[in-house]
Each structure stands twice: as structure tokens, then as C-alpha cells.
*Asks:* 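Have a look at this one.
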Number of protein chains: 2
Amino acid sequence: METCGASPLRPRERIIKTARDLFRKHGIRGVGVDTIAEQAGTNKMTLYRHFGSKDDLIIACLQDFANDAEAFWQSIEMSHPDSPMAQIHEWVRIVSECALDDLRGCDMANAAVELAEDAHPARHVIEEFKMAQRNRLAQLCRDAGIEKADQLADTLCLLIEGARVNMQSVGLEGPGARFISLAEDVIAAFAREKPERKPATLHRHASAKIKGRGQLHAPLPAANRA
Amino acid sequence: METCGASPLRPRERIIKTARDLFRKHGIRGVGVDTIAEQAGTNKMTLYRHFGSKDDLIIACLQDFANDAEAFWQSIEMSHPDSPMAQIHEWVRIVSECALDDLRGCDMANAAVELAEDAHPARHVIEEFKMAQRNRLAQLCRDAGIEKADQLADTLCLLIEGARVNMQSVGLEGPGARFISLAEDVIAAFAREKPERKPATLHRHASAKIKGRGQLHAPLPAANRA
DNA sequence: GAGGGGTGTTACCGGTCAGTAACAAAGCGC
DNA sequence: GCGCTTTGTTACTGACCGGTAACACCCCTC
């Protein structure tokens with residue numbers, strides 16, 4: 001019956017993994033500490049020795065989630081070490097794959113929905129995480145030589161965020177399931193725009209070689225609005 | 001202390017309005033039926049006479065929300081009766097205004113997050129609503145003579161959905177708050193693409209006059225992807 | 001083998017939850 | 001006025017919730 005009962009992990013890690021799993025499946029408010037402890041192959045007392053309250057456990061889960069995201073970014077970087085543009089495409093691919101895996105959306109965003117109180121201690125964890133993700137993507141866009149890097153990052157952020165929440169509402173029938181295609185089109189449109197002058201200095205892990213697919217298109221006037 | 005206590009509305013309507021308000025503020029699972037009844041200036045028994053269960057009340061709230069959305073679409077249509085493109089811009093404007101009003105996102109999407117069980121009776125209400133909204137927007141895009149109308153509708157859907165959930169996580173500092181600008185750029189890029197041949201027959205409320213702002217831009221090659 | 005930290009077990013607390021029973025009162029059409 | 005429907009009031013149930021107390025146990029280290 002337990003999900004991590006026979007595991008070599010220490011109770012603390014089992015509790016976090018189990019809690020993340022149950023929170024994701026049933027919602028944070030939809031699962032109690034007793035259930036978490038039992039499913040983790042331990043008991044409520046041990047849980048409360050490691051986490052002073054359910055809120056503490058929630059925060060620990062979100063931080064564990066953030067750690068996973070960190071590893072995800074490193075894998076992205078290693079997949080195409082010298083092509084930021086290829087990393088962007090890899091980001092689209094993997095992030096879409098994760099969203100399609102189950103249809104329960106983003107744990108951070110879900111937590112923001114469920115923990116509605118402004119003062120909830122988890123909220124600043126969520127806020128910092130979301131901002132960091134966006135900035136990381138924006139940096140990647142800059143490294144790729146995208147002229148309007150911040151705008152592309154903003155657009156991609158909203159697209160994936162929207163895709164995750166949309167799939168939670170309508171499953172695979174809605175626009176969320178078509179995220180890859182939509183995102184790639186947006187990237188192509190942004191990559192088509194002419195870079196400033198010098199072919200974009202890479203800010204991080206500098207590499208002069210820019211060979212992203214988007215760069216192969218002919219430059220077109222900026223799609224700026226009024 | 002009550003929100004609708006002195007209102008001329010009948011208890012049923014007061015309960016629905018109050019429940020919607022409280023659900024939105026504190027989350028569906030974050031407020032009990034006692035609180036709802038009291039805040040609505042009535043009592044739990046009357047609540048349970050009108051709604052057999054809390055789930056029934058939730059569904060009634062979501063349907064009430066859908067009614068409001070219907071009125072919203074009609075106001076959009078009346079704002080620019082003969083210009084679908086202008087209606088799209090109006091849609092962007094109002095939808096963004098609503099999202100910025102409070103930062104609690106979309107009631108339907110929030111409900112999908114909180115009511116995680118696949119079999120929950122509210123889920124098909126949510127699903128139908130979300131699909132109907134997307135299709136309505138897609139029809140508007142077709143009426144506006146957008147070549148890739150469905151793709152634009154999908155993109156705009158994900159952008160606004162993402163904006164709402166993003167603002168719930170990071171407030172006004174993140175990309176969600178820049179939705180209008182991002183959406184307008186996307187619309188401009190799609191409107192710039194050359195319409196098929198004949199200047200797009202209007203399917204509903206036919207009007208030959210197409211004078212949306214996006215049409216003023218020079219036509220550009222399609223932003224199609226691989 | 002003694003000690004101690006981490007863990008398990010059981011029982012409990014007060015609070016809140018969704019939902020119900022029984023009865024009283026008020027409004028309203030006739 | 002009468003009668004019916006709607007509403008209000010109080011009290012209750014049983015379940016579950018987050019959190020704690022007290023005590024026993026196991027395993028590792030010295």
C-alpha cells in the first residue's frame with residue numbers, strides 16, 4: 001500500500017516524495033498528514049518531528065520541486081552546450097513532454113491557487129521560483145541572439161503556463177495539447193527578426209557559434225505593436 | 001458582516017453570489033458551507049434546501065460564472081458590431097482588465113485545480129466552458145479574416161490562461177502583467193499574414209467592412225514551422 | 001553493555017467539516 | 001381568515017483535520 005515503504009531513503013525524504021506525489025494527485029488541501037505519513041511507510045509523529053507543521057512540509061515539497069527544476073535546466077544546458085537556440089527548442093520539447101505526462105499542471109502554480117491567503121509562507125517560494133524560471137529563459141533567449149529576448153521569454157512563459165492549466169481543464173482536446181507547435185511558431189517569428197548589429201554576444205558560457213534553426217530564416221521587420 | 005444580507009435578491013441568488021465571492025477569495029476548499037450561508041445572510045438549512053450538497057453549489061456557481069461570460073461576449077459584440085478585428089482587440093483589453101482587477105485568476109481554472117478527482121461532477125462543466133470560450137474566440141478570428149484563425153485563437157487562449165495563473169503566482173511583477181502587449185504583438189503578427197484570396201467571408205453577423213488595426217500592416221510570409 | 005538519537009505506537013485534544021432532524025415562524029395567494 | 005411554501009433556528013451526528021503527549025523500541029556508537 002505504501003509508495004516508498006521498502007525504500008532505502010530516510011523517512012524525511014520518503015515523506016517529501018510521497019507528499020509531493022499526493023499533493024499533485026489530490027491537491028494540497030485534499031490530502032491529510034495522516035495519509036501522507038502512512039503512504040510514506042511511517043507515521044504522523046515522525047512527520048511532525050521533521051516538519052513542524054503541514055505548511056512546513058508544503059514548503060519543503062516546493063523547494064524539492066525547485067531542486068528538480070534546477071537539475072532540469074542543467075540537463076538542458078548539457079544537451080546542447082554550445083547552442084542556446086537549440087537549448088530553447090529542447091526546453092520546449094521537454095517542458096511539453098512533462099506537461100503531457102500527467103495533466104495536473106505545475107505544482108507551484110497549483111499551490112498558488114490552493115494557498116490563497118496572501119500571507120501564506122509558501123507564497124514567496126512560489127514567487128521566487130516563477131520569477132527565476134522566467135529570467136532563466138530570458139537569459140537563454142539573449143544568449144541565442146534573439147533581439148526581443150525578454151518579450152519572447154514572456155510569451156513562452158505564458159504559453160507553457162497556459163498550456164498546463166488549460167490541459168488541467170480540458171485534457172488533450174484543447175489548445176494546451178498543441179503547445180509545441182504554437183511555441184515553435186512564436187520562436188520562429190522572434191528568431192526571424194534581425195539581431196541588433198554584432199551577432200549577439202553570449203552572456204553565459206560564451207560561445208561565438210550561433211547556429212540555432214531559427215537563425216536560418218530570412219530576417220524580417222520587427223513585429224512591434226503600437 | 002454579511003455581503004448580501006440587505007439585498008432584495010432571494011436566498012438562492014444571494015447564496016450563489018456569496019459563494020462565488022468566497023470561493024474566489026479563499027478557494028473552494030478553503031471555505032465551508034456554514035460561512036457561505038452566514039455571509040449570504042441566511043443559514044445552512046436554506047442552503048441545503050436549494051443545493052443538495054456543496055458540490056451542487058459549486059456547479060451552480062460555475063454555471064453562474066458561465067452566464068456572466070455569455071453576457072461578456074455579447075458586450076464585446078455590441079462594442080464593435082461590424083468589425084470582428086476590433087472585437088478581438090476589445091476582447092484583449094477587457095480580458096486583461098479583468099485579470100488585473102484582482103489577481104485570483106480564472107474561477108473555472110481554479111476549480112479544475114482544486115477539484116482534482118477525475119470524476120468530479122464539476123469537471124465537465126469546466127471542460128465545456130473552456131472549449132466553448134476557445135471556439136468562440138476562434139470564430140471571431142475567422143470572422144476577422146485571419147488566415148490561421150485557429151492557431152491565433154489557441155495562442156491567445158494560452159496567453160490569457162497563462163497570464164491569469166502567472167499573476168496569481170508572482171503578482172504584477174511577472175510576464176502575466178504584460179499580457180496586453182504580448183497579445184497585441186501576436187495578433188499583429190497573425191494579421192500581417194496574407195489572407196487566402198477573397199477578403200475573408202464573415203461567418204456570423206456578416207459585414208464586409210474589415211478595418212481592424214492589424215490589417216494596416218504590410219503582409220508578410222507565414223510564420224509556419226517545420 | 002550503556003547511552004542516545006531516530007523511530008514507531010497508541011491515544012488523545014479541540015476544531016471544523018458536510019449534512020440532517022425537528023420545529024417554529026414568516027410570507028403569500030386564495 | 002386558511003393553507004401552503006419558503007425561510008429561520010437550534011441542536012445534533014459522524015467523520016476528519018492538524019497537532020501533541022507519553023512511552024516503547026531499535027540501532028548505532030562508544
Side-chain angles (χ1 to χ4, degrees), chain A residues 1-23 25-62 111 114-117 119-122, chain B residues 1-23 25-62 111 114-117 119-122:
Chain A
M1 191 62 77
E2 313 109 18
T3 58
C4 324
S7 155
L9 271 58
R10 306 275 288 177
R12 184 171 208 280
E13 313 309 317
R14 297 206 310 268
I15 291 170
I16 289 183
K17 298 302 178 192
T18 307
R20 280 186 59 186
D21 187 53
L22 292 176
F23 286 161
K25 273 187 197 146
H26 309 293
I28 293 177
R29 285 184 144 135
V31 56
V33 286
D34 294 89
T35 308
I36 295 170
E38 183 192 349
Q39 292 278 106
T42 177
N43 54 75
K44 194 160 55 166
M45 270 315 300
T46 300
L47 187 152
Y48 273 102
R49 286 189 192 109
H50 286 286
F51 311 95
S53 67
K54 188 182 181 183
D55 279 349
D56 285 0
L57 173 58
I58 292 169
I59 291 172
C61 286
L62 295 181
E114 289 207 77
L115 312 175
E117 315 101 70
H120 196 287
Chain B
M1 191 59 79
E2 313 109 18
T3 58
C4 325
S7 155
L9 270 59
R10 306 273 288 176
R12 184 172 207 278
E13 312 310 315
R14 296 205 311 267
I15 291 170
I16 290 183
K17 298 303 179 192
T18 306
R20 280 186 57 185
D21 187 53
L22 293 176
F23 286 163
K25 273 188 197 146
H26 310 292
I28 293 176
R29 286 183 144 136
V31 55
V33 285
D34 294 270
T35 308
I36 296 170
E38 183 192 347
Q39 292 280 104
T42 179
N43 54 75
K44 192 159 58 167
M45 270 314 300
T46 300
L47 188 152
Y48 273 101
R49 286 187 192 109
H50 286 287
F51 311 95
S53 68
K54 189 181 181 183
D55 279 349
D56 285 0
L57 174 57
I58 293 169
I59 291 173
C61 286
L62 295 180
E114 289 207 76
L115 311 175
E117 314 100 70
H120 195 287

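The sequence lines fix the lettering, A, B, ..., with proteins before strands; numbering per chain opens at 1.
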*Asks:* For the pair made of OH in A:Tyr48 and C1' in C:dC13, what is the distance, rounded to whole Å?
*Replies:*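 About 13 Å, once rounded to whole Å.
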
*Asks:* Under 3.5 Å, is there a donor on one side chain and an acceptor on the other for B:Asp21 and B:Thr18?
*Replies:*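 No, because no side-chain N or O of B:Asp21 sits under 3.5 Å from a partner of the opposite role on B:Thr18.
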
*Asks:* Take atom CD1 of B:Ile28 and atom P of C:dC17, then tell me their distance rounded to the nearest Å.
*Replies:*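 Computing the B:Ile28:CD1 to C:dC17:P distance gives 15 Å.
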
*Asks:* Within the structure provided, determine whether B:Leu47 and B:Thr42 are in side-chain contact (heavy-atom separation under 4.5 Å).
*Replies:*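 Sidechains of B:Thr42 and B:Leu47: no contact.
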
*Asks:* Rounding to a whole Å, what distance do you find between A:Leu9:CG and C:dG6:P?
*Replies:*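 In whole Å, C:dG6 P and A:Leu9 CG are 17 Å from each other.
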
*Asks:* Taking only N and O in the side chain of B:Thr42, is any of them less than 4.0 Å away from OP1 or OP2 of D:dG8?
*Replies:*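 Answer is yes, contact under 4.0 Å.
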
*Asks:* For a 4.5 angstrom cut-off between non-hydrogen side-chain atoms, does B:Glu38 reach B:Thr35?
*Replies:*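 No - every pair of side-chain heavy atoms lies 4.5 Å or more apart.
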
*Asks:* Please figure out whether A:Gly52 or A:Thr35 has its closest DNA chain D nucleotide nearer the 5' end.
*Replies:*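 Going by which nucleotide is closer to the 5' end, it is A:Thr35.
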
*Asks:* Is the shortest side-chain heavy-atom distance between B:Phe51 and B:Ile58 below 4.5 Å?
*Replies:*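 Side-chain contact under 4.5 Å: no.
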
*Asks:* Is the backbone of B:Glu114 close enough, under 3.5 Å, to the side chain of B:Arg29 for a donor and an acceptor to pair up by distance?
*Replies:*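 Side chain of B:Arg29 to backbone of B:Glu114, a donor-acceptor pair under 3.5 Å: yes, one is there.
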
*Asks:* Under 4.0 Å between a side-chain N or O of A:Thr46 and OP1 or OP2 of C:dG8?
*Replies:*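 Affirmative; the distance criterion is met.
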
*Asks:* Which nucleotide wins on minimum distance to the side chain of B:Pro11, given the candidates D:dG8, C:dT10, D:dT7?
*Replies:*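 Closest nucleotide to the B:Pro11 side chain: D:dT7.
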
*Asks:* Whole angstrom is fine here: how far is it from CG in B:Asp34 over to P in C:dA18?
*Replies:*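 Atom-to-atom, B:Asp34 to C:dA18, this comes out as 7 Å.
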
*Asks:* From C-beta outward on B:Asn43, which listed nucleotide comes closest to its side chain: D:dT6, D:dT9, D:dG18?
*Replies:*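 So the nucleotide nearest the side chain must be D:dT9.
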
*Asks:* When the distance from CG of B:Asp56 to C1' of C:dG19 is rounded to whole Å, what number comes out?
*Replies:*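 Rounded to whole Å, this separation is 12 Å.
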
*Asks:* Whole-Å distance between D:dT7 C1' and B:Glu38 CD?
*Replies:*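 Atom CD in B:Glu38 sits about 17 Å away from atom C1' in D:dT7.
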
*Asks:* Counting distance alone, no hydrogens or angles: does the base of C:dG5 have a donor or acceptor under 3.5 Å from a partner atom on the side chain of A:Arg49?
*Replies:*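 No, no donor-acceptor pair under 3.5 Å.
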
*Asks:* Taking CE from B:Met45 and C1' from D:dT7, how many angstroms apart are they, rounded to a whole number?
*Replies:*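 Rounded to whole Å, this separation is 10 Å.
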
*Asks:* When you check the phosphate oxygens OP1 and OP2 of D:dT6, does a side-chain N or O of B:His50 lie under 4.0 Å from one of them?
*Replies:*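 Indeed not, no polar side-chain atom of B:His50 lies that close.
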
*Asks:* Expressed in angstrom and rounded to an integer, what is the separation of B:Ile36 atom CD1 from C:dC17 atom P?
*Replies:*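 Going from CD1 in B:Ile36 over to P in C:dC17 covers 10 Å.
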
*Asks:* Taking for each residue the nucleotide of DNA chain D with the nearest heavy atom, is it B:Lys44 or B:Arg12 whose nucleotide lies nearer the 5' end?
*Replies:*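 On the 5' side of the pair lies B:Arg12.
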
